[in-house]
Amino acid sequence: MKFIFHIHFQETSEWTLDYPPFFAWFEFCLSHLAKYFDKEMLVVQNLNYASPATILFQRLSVILTDLLLVYAVKECCNIIGTCKSKEFLGIRPFVLAVLLLWNFGLLITDHIHFQYNGFLFGILLLSIVRHFQNRHLEGALLFAVLLNLKHIYLYIAPAYGIFLLRSYCIISNSSDGSFCWRSFSTVRFTLLGSLVLSVFALSFGPFIALGQMPQVLSRLFPFKRGLCHAYWAPNMWALYNVVDKALSVLGVKFQLLKTLPKASMTGGLVQEFYHSVLPSVTPLATLICTLISILPSLWILWWRPNGAQGFLRCITICALGSFLFGWHVHEKAVLMSILPFSLLAVKSREDAGIFLMLSTSGHFSLLPLLFTAPELPIKVLLMLLYTLSSFAALKTLFRSASIYSFFLLTARWTELSKSII
Amino acid sequence: MEGWSLVSLCVLLGLTARWAVSLNPYSGAGKAPLFGDYEAQRHWQEVTCNLPVHQWYFNTTDNDLDYWGLDYPPLTAYHSLLCGHVAKFINPAWVELYASRGFESTAHKLYMRATVLIADIFIYIPAVVSYCLYLVNGSVKKKVATMLCILLYPGLTLIDYGHFQYNGVSLGLTLLGVLGLGLGRDLLGSVAFTLALNYKQMELYHSLPFFCYLLGKCAKQGLTGRGLMQLLKISVTVLVTFALCWLPFLSDPGQLLQVVHRLFPVARGLFEDKVANAWCSLNVLIKIKTLLSTETQLSLSLVLTLLAVLPSSIKLFTRPTLWQFKLALVNSSLAFFLFSFQVHEKSILLPALPVCLLLNDLPLMAIWFLQASTFSMLPLLLKDGLLLPYVVTSVAFVYYSVYLLSALERSTDEQLRLQPLHTLIPPCLPSLSFSCILKWKFAFSLVAMGGLSFASAVMEPPARLPDLFPVLVSVFSFLQFLGLLLYFNLVQLTEAAGKKNNKKTK
């Protein structure tokens with residue numbers, strides 16, 4: 001117990017705990033199991049400790065917790081309709097299972113690079129499935145737990161908030177999307193609110209009681225850690241940095257600037273740095289940019305709700321918007337839009353096309369995550385495997401629907417433009 | 001379209017599995033002064049790229065044959081030469097004469113692993129893919145399923161990418177030979193097989209069926225007219241291929257004799273370590289090695305091997321069809337493995353290759369054999385620290401091959417080719433369902449193999465019997481191999497004369 005309350009104060013290493021309390025509890029449980037594998041592993045002074053038993057334990061813990069992901073994927077496959085096909089790759093649930101379980105990004109970040117994203121995404125998918133099944137309270141509960149396991153899921157919290165308010169708290173059945181505030185159910189709202197708040201109380205309560213809240217928050221939201229992660233996520237700010245660097249080099253060449261600033265932008269561990277020509281970006285600016293980028297999708301979710309499907313679309317857009325404009329974004333965050341979008345990709349042809357673009361480029365951007373020579377063939381092979389199988393499967397799945405879906409697409413565009421006008 | 005994407009997915013899966021295994025340790029890693037097969041291959045690169053050809057097989061001041069002397073035919077030496085030159089180009093320290101002995105580094109390991117992968121990409125994998133596409137009967141799905149199972153067969157992957165050897169080259173060339181013969185390109189097939197023979201002399205295990213098949217085919221065309229011409233063509237092709245491979249050694253008879261002497265080291269005894277063959281298993285009861293002289297052992301093993309090979313060879317000679325040929329390949333190589341002189345545990349890969357070719361025809365028995373063959377190498381794999389990849393690849397192999405090839409459903413008495421056996425049983429006895437018995441036996445041996453694997457990995461043997469588990473493993477594997485040898489012989493010999501059994505019964 002003592003261990004857990006001190007863990008947020010741990011400053012021995014550069015790899016400090018910067019996840020919310022539930023994740024600390026999770027690690028606490030693991031550490032109890034780890035005792036049976038190798039005692040040396042848990043000494044706090046033992047940084048960069050690695051024995052075969054430790055590695056085996058850590059890897060096995062990822063594999064075993066991934067069972068939750070497997071269960072979630074099974075649930076996902078149940079909610080999308082099956083279709084008969086003679087071909088292997090034409091069976092929709094099978095394709096979805098391949099897309100989710102073989103996801104290249106998840107495989108390399110969890111099982112090679114090492115993280116526990118698998119079971120977190122399992123919880124996310126499970127929560128989405130519950131919304132599809134109209135079991136909204138369960139879905140909300142799962143998401144609240146997820147937020148307290150890893151707060152990066154705040155990226156998609158706006159979609160959850162809007163969706164739950166609009167589709168759960170407001171009981172209206174008019175088909176054109178209009179609603180009246182009188183059908184707002186206070187009971188449902190209270191239920192939802194108390195559920196979510198109790199989860200947060202359970203998680204952060206002990207820390208508030210101990211007065212450690214500022215420390216926990218400063219660990220969770222490290223605004224001092226700079227605009228970009230040491231390994232730049234391929235987002236707007238990476239582009240911004242490059243433009244800044246180019247301008248400063250040009251400036252020195254044409255003698256508009258005096259010296260080349262020595263800021264190293266990719267210097268391994270986390271650090272701050274300032275732009276030399278362009279104005280430095282503040283956290284507030286990134287927040288505003290993010291909000292602007294996700295606002296249209298939230299607007300649609302509110303005014304033209306399309307059930308859980310529309311919600312899923314909004315999640316993808318929120319994740320992508322935050323990824324592109326957020327403060328100190330990790331490259332792995334791109335998975336947050338790829339994985340939920342897989343569910344839509346097996347449903348319609350145009351989504352499948354967009355999914356292929358998104359997943360291929362997103363996974364490509366993850367390739368530098370593995371940088372040693374022995375890992376080179378494996379990452380290339382896995383990437384090829386995933387890309388090839390997703391292309392082949394989605395192509396087989398939508399082969400017959402090609403002409404039909406083109407009309408569908410144009411129809412949807414005209415509809416959309418009418419509604420905007 | 002779908003077929004091709006499935007084929008490429010299979011190949012990619014095969015490559016991924018191979019590279020994942022290759023991240024594990026190799027034989028003799030860090031075990032000075034002799035190391036293991038990895039060092040042997042590296043040493044051959046060192047010798048071949050630094051010394052002139054006529055010194056390769058001789059004990060000279062620069063070439064100490066007691067330290068991993070070259071004991072494979074010339075093609076292996078040429079391959080080493082090629083790899084050695086590339087290694088020299090990358091880092092001369094890797095192959096420096098004397099100084100590089102026992103050289104180990106992560107970069108070098110990477111290089112060695114890459115050479116195996118490249119050899120596989122050029123020879124073994126294309127051979128498997130084209131075999132499955134051309135010679136496996138049935139739908140695209142069936143072809144692809146067979147391909148996946150062959151590519152992911154754990155035994156070969158573990159030995160080539162874990163332990164470290166280049167079996168993929170000789171086995172791939174043999175497979176190309178089978179492909180050539182199966183497609184009626186006898187000359188190309190014999191060239192491929194001759195090359196395989198010149199890469200590893202162990203390919204002699206396969207040579208008798210090749211010989212009998214070609215001879216039988218020629219005899220069918222009439223041994224006086226076209227058949228004779230065909231036979232002459234084939235012999236000339238084989239001889240020319242041999243001559244080309246041995247060209248640098250032909251000038252001097254002494255050279256030739258020395259190479260042959262290196263290839264067949266009679267002095268090394270009847271068997272080494274723990275092999276799952278007859279002699280090693282018999283050794284548990286009777287100490288043959290000390291009881292008999294080396295000459296007697298040699299002739300005894302020769303006679304027994306010939307006796308075991310003879311029936312299938314004669315049958316193949318009289319009925320030279322592809323189906324008979326595949327069965328004869330299994331029977332001959334398995335008989336050689338079980339009874340011949342100086343067999344290594346890795347030689348089980350030689351019967352495993354033709355058994356892979358039967359995966360689509362006799363799924364249950366083929367899977368059984370392949371799993372048993374992987375299991376029989378367990379002591380070796382444990383020594384190399386390959387327990388984890390062994391467990392993962394084996395469990396995966398059994399699971400998906402039984403599932404993909406629907407092995408349990410496709411095993412009625414008829415599909416197991418056991419119908420002729422029913423006629424042998426006197427009618428007064430109740431009729432037996434062989435398939436049911438075999439399925440139970442299969443399940444039993446899977447459990448036993450799992451249990452023995454667990455025991456050898458985890459439990460301490462009693463102090464009086466330090467070799468308990470390796471001996472148990474090899475004796476149990478031997479019993480399975482013996483049973484399967486009888487089964488495959490039975491299937492081959494009882495094939496009805498008139499029926500076209502090689503056309504698949506669905």
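Naming: A, B, ... by sequence-line order, numbering from 1 per chain.
- Surrounding NZ of B:Lys31 are more than 12 heavy atoms belonging to other residues, nucleotides or ligands, all under 6.0 Å away.
- Between B:Ser8 and A:Leu388 the shortest side-chain heavy-atom distance falls below 4.5 Å.
- Interface remark: B:Leu23 contributes side-chain atoms only to the contact with chain A (heavy atom separation under 4.5 Å).
- More than 12 heavy atoms of other shown residues, nucleotides or ligands fall within 6.0 angstrom of atom CZ in A:Phe114.
- Counting non-hydrogen atoms of neighbouring residues, nucleotides and ligands closer than 6.0 angstrom, the CZ atom of A:Phe364 reaches no more than 12 such neighbours.
- For the pair A:Pro374 and B:Leu110, the tightest heavy-atom approach, listed with the atom from each and the gap, is CA-CD1, 3.5 Å.
- A heavy-atom distance below 4.5 Å is found between the side chains of B:Leu388 and A:Leu56.
- With B:Trp19 contributing its side chain and A:Leu381 its backbone, the two residues share no donor-acceptor pair below 3.5 Å.
- Atom CG of residue B:Leu13 and atom CG of residue A:Leu385 lie 4.5 Å apart, to the nearest 0.5 angstrom.
- Shown here is B:Lys383, whose NZ atom has no more than 12 heavy atoms of other residues, nucleotides or ligands within 6.0 Å.
- Taking CG of A:Leu382 as the start and CG of B:Leu15 as the end, the distance is 11.0 Å to the nearest 0.5 Å.
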